[in-house]
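Down below is the structure, laid out as structure tokens.
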Number of protein chains: 2
Amino acid sequence: MDKQTITIYDVAREANVSMATVSRVVNGNPNVKPATRQRVLKVIEELDYRPNAVARGLASKKTTTVGVIIPDVTNIYFSSLARGIDDVATMYKYNIILANSDESGQKEVQVLNNLLAKQVDGLIYMGHTLSDEVRAKFSRSKTPVVLAGTIDPDAQVGSVNIDYREASKFVVDKLIKDGNQKIAFISGSLSYPINSQYRLQGYKDALKANQLPYDESLVFETDYSYKAGEALWSQLTAAGATAAYVIDDELAVGVMNGMLDHGIKVPDEFQLITSNNTILTDIVRPKMTSISQPLYDIGAVAMRLLTKMMNKEEIEEKTILLPYDMVERGSTKG
Amino acid sequence: MDKQTITIYDVAREANVSMATVSRVVNGNPNVKPATRQRVLKVIEELDYRPNAVARGLASKKTTTVGVIIPDVTNIYFSSLARGIDDVATMYKYNIILANSDESGQKEVQVLNNLLAKQVDGLIYMGHTLSDEVRAKFSRSKTPVVLAGTIDPDAQVGSVNIDYREASKFVVDKLIKDGNQKIAFISGSLSYPINSQYRLQGYKDALKANQLPYDESLVFETDYSYKAGEALWSQLTAAGATAAYVIDDELAVGVMNGMLDHGIKVPDEFQLITSNNTILTDIVRPKMTSISQPLYDIGAVAMRLLTKMMNKEEIEEKTILLPYDMVERGSTKG
DNA sequence: AAGTTTCATAAAAACGCTTGCATTTTTGGT
DNA sequence: ACCAAAAATGCAAGCGTTTTTATGAAACTT
């Protein structure tokens, strides 16, 4: 049907110029006489020439492709970030290679090697934690890296987040102001710094600010799943908790439904604030009060930061904190 | 820190062999004396050599990368497919370039050109419809294409789906058997063949099989959003519908919540079956009865089919239908 | 022992483009 | 008109692989 391989050489021949000139017009180099440019463009059109990005990448050492490491695309939190990333990438003429890591260190390393072999111009990493091995690879490689929605305690690479500690303090504070004394902290693994060093600290900050004791039996470490949340109701009631701050929406829905299914009224007998303001918060009844994180923007800003790095522009601040907010819905009162 | 660029040539020099031999060991070509292979592998290890995939791509005309066109990653339906795609891709050593299209014809064409320029070895397309322009590009290009969860009436390229018509008939039939006479069909745009030619037909099939009249005022064409569903309650009650078959989960949740918020009891006064069995169906109260599509598998099988095509293997059947099922939950009775 | 095969390896030509440098053409000042 | 400076273009050397072809060495044949 078509033999396809129209090369820059074919265009050059037809247009009676050298490959170099064709290359210049394709790349928008201004040093081409307008008349010549027209002629070349016409031939390109006629021949339906499309530059081979692989050859271009080899010659220029730029692939206009960035690698994106994501724990799981089906997770709304991360896919929202990914959407922001892709939109900005497209805006700046980059493509993204998306790779699921399942948060597995081994898979991450493998994926990373792969991405570097493909000569991506930059990397965006998402995950709850950053293993030492991955971190080491990052600092050893000269490929720019930005973390999106992910904390690097060392702040070696770029990152975009909200102030998790402050946000946590803020919502727990609200729960206290609303009259709760025993507030559960429900999170994923506390081995993730983002949970233990930021959110849990924020929780403690709020307790302290209100002269409430920190009670370890109110801290629940589980995994980010609906089922896990659903199962928590008995422990919560046993601990005497009248409210909870949950750090993942799916988990939060599980907790809430678990309570409701066992006759505990929300928000009358139990109040709850979650963290990501995904569509889930709006879909359940009662609707859930949540911290609202600018997920799309975190992704978008991360990608924007990365473009600057890839472009070797001056970066004023590579650790970016975006503003957050809280939206009150039916799972809290007042 | 590191000058990074260890090339095959460096390895060859250190190991005292030619580049060709290094290439052979890297690519697992058997024509290498074991002793030589060991020596080369050792040097590769020492130098931490990593083959440059771009150069490899240029020389071999294979990029081990496939393009994936997706309407929107944040949509659980599509991200589930994408997850299946990526897992199988990884299994076969491919990477995926993920590009959001927003179902916009213009964006799709642009993305497609981009992907082809990047010399992807294959393409997976997802979307509700296939524009003529895109279809034309597919058939003109020699790059293999598979549609995932997407219908091509011409069946020119590979595709993986469930039998939407049959599934629709099946659930509407159940609704009728449960005593409903006036069943609404709530879908996205009927300009999409998947809706008009398959699901709506299945709906009609069921009516006919049960000697019920087809009433156009029970067909609701809207967009796939929660809000759109929420707004539908008044029209539904006005039309006298006592049940609905909804073709998107988010839309269905909207419909159900809209009903509930206006005092209509589900399932007592209104029953509802949705189509994708995503987590939403399990999270709402009452839980929603749904067709269960093997979303992950559709993506996985699509990718597997694509690997065969890229490998020029014999394909027995390129239009694949996967089995579906129905899971009964609280939004229907009995 | 000479002639065939096979194996293992090397040499070098692609692959399709970018880019620094050299060269030619155009422009503008006088 | 003439020359220097500026603009436009061409040349050719990469970029880091794969792959074809050629060659040398080892292993059989008879």
Side-chain angles (χ1 to χ4, degrees), chain A residues 3-41 43-44 47-65 93 113-114 116-121 142, chain B residues 3-41 43-44 47-65 93 113-114 116-121 142:
Chain A
K3 47 312 169 50
Q4 191 80 331
T5 22
I6 310 282
T7 74
I8 198 173
Y9 183 76
D10 299 315
V11 176
R13 180 167 28 74
E14 290 300 309
N16 257 74
V17 294
S18 71
M19 302 165 39
T21 301
V22 177
S23 174
R24 287 192 193 96
V25 353
V26 166
N27 291 294
N29 184 314
N31 290 13
V32 181
K33 189 172 14 173
T36 314
R37 181 185 305 280
Q38 289 316 313
R39 186 151 39 95
V40 172
L41 285 173
V43 174
I44 287 180
L47 265 44
D48 193 25
Y49 166 70
R50 182 191 299 128
N52 179 323
V54 174
R56 218 202 274 237
L58 182 58
S60 69
K61 294 172 166 286
K62 284 186 171 37
T63 54
T64 61
T65 302
K93 313 285 184 202
N113 281 330
N114 210 242
L116 292 175
K118 294 232 163 138
Q119 314 295 119
V120 294
D121 295 338
K142 63 157 87 69
Chain B
K3 41 328 168 39
Q4 190 83 327
T5 22
I6 308 284
T7 75
I8 198 174
Y9 182 77
D10 299 316
V11 177
R13 178 167 31 73
E14 291 300 308
N16 256 71
V17 294
S18 72
M19 302 165 39
T21 300
V22 178
S23 175
R24 286 191 198 96
V25 353
V26 167
N27 292 293
N29 182 315
N31 290 12
V32 181
K33 185 161 35 162
T36 315
R37 180 185 305 281
Q38 288 317 313
R39 185 151 39 94
V40 172
L41 285 174
V43 175
I44 287 180
L47 266 45
D48 192 26
Y49 164 70
R50 181 191 300 129
N52 179 323
V54 174
R56 219 205 275 239
L58 182 58
S60 69
K61 295 174 165 286
K62 284 187 172 33
T63 54
T64 61
T65 302
K93 312 285 185 203
N113 282 330
N114 209 243
L116 292 175
K118 293 233 163 137
Q119 314 296 115
V120 293
D121 295 339
K142 62 158 87 69

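Proteins come first, then strands; the chains are lettered A, B, ... in the order of their sequence lines, and each starts at number 1.
When the side-chain nitrogen and oxygen atoms of A:Thr36 are compared with OP1 and OP2 of D:dA8, none of them lie within a distance under 4.0 Å. Between B:Thr7 and the phosphate of D:dC15, there is no side-chain N or O to OP1/OP2 separation shorter than 4.0 Å. Regarding contacts with the backbone of C:dT18, a side-chain N or O of A:Ser23 is found under 4.0 angstrom from either OP1 or OP2. Look at A:Arg56 and you'll find a side-chain N or O under 4.0 angstrom from OP1 or OP2 of C:dT18.
Nearest to the side-chain atoms of A:Val32 among the listed nucleotides D:dT9, D:dT17, C:dA10 stands D:dT9. Comparing D:dA12, D:dG16, C:dC17 by their nearest atom to the side chain of A:Lys61 picks out D:dG16.
Per the geometry, CG belonging to B:Leu58 stands 8 Å off C1' belonging to C:dC17, to the nearest Å. As rounded to whole Å, 8 Å separates atom P of D:dT18 from atom CE of B:Met19. Summarising the geometry, the separation between CD1 on A:Ile6 and P on C:dC15 is reported as 14 Å, rounded to the nearest angstrom. One interatomic measurement links the two molecules: CD1 of B:Ile8 to P of C:dA12, which rounds to 16 Å at whole-angstrom precision. To the nearest angstrom, C1' of D:dT20 lies 15 Å from CG of B:Asn27. In this structure, the CG atom of B:Asn29 is 10 Å from the P atom of D:dT19, given to the nearest Å. Between the CZ atom of B:Arg24 and the P atom of C:dA10 there is a distance of 8 Å, given to the nearest Å. For the pair B:Asn52 CG and D:dG16 C1', the computed distance is 6 Å after rounding to whole Å.
Closest non-hydrogen pair, A:Asp121 versus A:Lys61, comes out as OD1-O, 4.4 Å. Between B:Val17 and B:Val22, the shortest heavy-atom distance links the atoms CG2-CG2, 3.8 Å. Taking both residues in full, the closest heavy atoms of A:Ala12 and A:Ser18 are given as CB-C, 3.8 Å, listed atom of the first, atom of the second, then distance.
Distance check: B:Asn114 CG to A:Lys93 NZ gives 8.5 Å after rounding to the nearest 0.5 Å. Remark: A:Ile44 CD1 to A:Ile8 CD1 distance equals 8.0 Å, nearest 0.5 Å.
Within 4.0 Å of A:Thr21, counting heavy atoms only, lie sugar-phosphate atoms of the nucleic acid but no base atom. Counting any heavy atom pair closer than 4.0 Å across all strands shown, A:Val17 reaches sugar-phosphate atoms only and no base atom.
Positionally, the nearest nucleotide of DNA chain D for A:Asn31 lies more toward the 5' end than for the other of A:Asn31 and B:Ser60. Comparing A:Lys33 and A:Tyr9 by the nucleotide of DNA chain C whose heavy atom lies nearest to each, the residue mapping closer to the 5' end is A:Tyr9.
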